[in-house]
S.K.: 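A single structure is presented below for examination.
Everything quoted here is computed from the prediction, not taken from an experiment.
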Amino acid sequence: MSTAFKTVMMKPNDKVAVALESIPAGSHVKVTCQGNSFDVELKEKIEFGHKFAVKSISKGEDILKYGEVIGSATTKIDIGEHVHIHNLEGKRGRGDKVE
């Protein structure tokens, strides 16, 4: 059973959704995006504005948010896990990578 917590997911190929309010660990959240629906059990508390995985993400895989690559996974990330600096290496605005 999903609870009506507010989240946002902009593109159907995104790997993460964003919490629009703090959501307790163990909560069941229904995320909808352009006709797609994801029922997610959160493995940890997700603070307002933070991301959580709606799809499994392999180590090294690009992480998409709002249809854009925001970084790559430094470890395997399971559905419902918090996605942040502890498991994501950013690719935007780094300055140490020349393209």
S.K.: So, taking the atom named CD in E47 and the one named CD in E21, what distance separates them when rounded to the nearest 0.5 Å?
M.R.: 11.5 Å

S.K.: Between M10 and L20, is there shared hydrophobic-cluster membership here, with clusters defined by ILVMFWY side-chain heavy atoms closer than 4.5 Å?
M.R.: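 The answer is yes; both residues are in one hydrophobic cluster.
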
S.K.: Could you measure the distance from the CZ atom of F48 to the CD1 atom of I23? Nearest 0.5 Å is fine.
M.R.: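 So the CZ of F48 and the CD1 of I23 are separated by 11.0 Å.
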
S.K.: Apply the test side chain to side chain contact (heavy atoms under 4.5 Å, CB included) to residues V54 and V16: give CA-CA distance (whole Å), side-chain angles for both, the deciding distance (0.1 Å), then the verdict.
M.R.: CA-CA 5 Å; V54 296; V16 299; 5.8 Å; no

S.K.: Mind listing the closest non-hydrogen atom pair of T7 and V29 along with its distance?
M.R.: CG2-CG1, 3.7 Å

S.K.: Would you check if L88 and I70 make a side-chain contact, meaning some heavy-atom pair closer than 4.5 Å?
M.R.: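 When only atoms from C-beta onward are counted, I70 and L88 do touch, with a gap below 4.5 Å.
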
S.K.: When rounded to the nearest 0.5 angstrom, what distance separates CE in M9 from CZ in F52?
M.R.: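 Spacing of CE (M9) from CZ (F52) equals 9.5 Å.
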
S.K.: Can you give me the closest heavy-atom contact between A73 and S58, atom names plus distance?
M.R.: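 The pair with the smallest heavy-atom distance is CB-O, 3.5 Å.
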
S.K.: Can you tell me how far CG of L42 sits from OG of S27, rounded to the nearest 0.5 angstrom?
M.R.: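 It comes to 6.0 Å.
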
S.K.: State whether the side chain of E44 and the backbone N or O of A25 hold a donor-acceptor pair below 3.5 Å, judged by distance alone.
M.R.: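 No, the answer is negative, given that no donor and acceptor are paired below the 3.5 Å cut-off.
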
S.K.: Is the closest side-chain heavy-atom distance between H82 and K51 below 4.5 Å?
M.R.: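 When only atoms from C-beta onward are counted, K51 and H82 do not touch, as no gap falls below 4.5 Å.
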
S.K.: Going through the checks in order, is the side chain to side chain contact (heavy atoms under 4.5 Å, CB included) test met by S37 and K30?
M.R.: CA-CA 7 Å; S37 184; K30 184 172 186 171; 2.9 Å; yes

S.K.: Can you tell me how far the CD atom of Q34 sits from the CG atom of N13, to the nearest 0.5 Å?
M.R.: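 Atom-to-atom, Q34:CD and N13:CG are 9.0 Å apart.
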
S.K.: In Å and rounded to the nearest 0.5 Å, what is the CG to OG distance from D78 to S56?
M.R.: 5.5 Å

S.K.: Quick check: does any side chain N or O of D14 sit under 3.5 Å from a backbone N or O of Y66, one acting as donor and the other as acceptor?
M.R.: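 Looks like yes, one N/O pair under 3.5 Å.
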
S.K.: Using a 4.5 Å cut-off on heavy atoms from C-beta on, say whether the side chain of V18 contacts that of K65.
M.R.: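 Touching, per the 4.5 Å side-chain cut-off.
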
S.K.: Please say whether more than 12 non-hydrogen atoms of neighbouring residues, nucleotides or ligands are located less than 6.0 Å from NZ in K11.
M.R.: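 For K11, atom NZ is not crowded (no more than 12 foreign heavy atoms under 6.0 Å).
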
S.K.: Would you please test I57 and I63 for side chain to side chain contact (heavy atoms under 4.5 Å, CB included) and show each step?
M.R.: CA-CA 7 Å; I57 304 168; I63 299 173; 4.0 Å; yes

S.K.: Looking only at heavy atoms, which two atoms of S72 and G60 are closest? And how far apart?
M.R.: CB-O, 3.9 Å

S.K.: Hey, is K43 close enough to E41 for a salt bridge, meaning N to O under 4.0 Å?
M.R.: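 Not counted as a salt bridge, because no side-chain N and carboxylate O are separated by less than 4.0 Å.
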
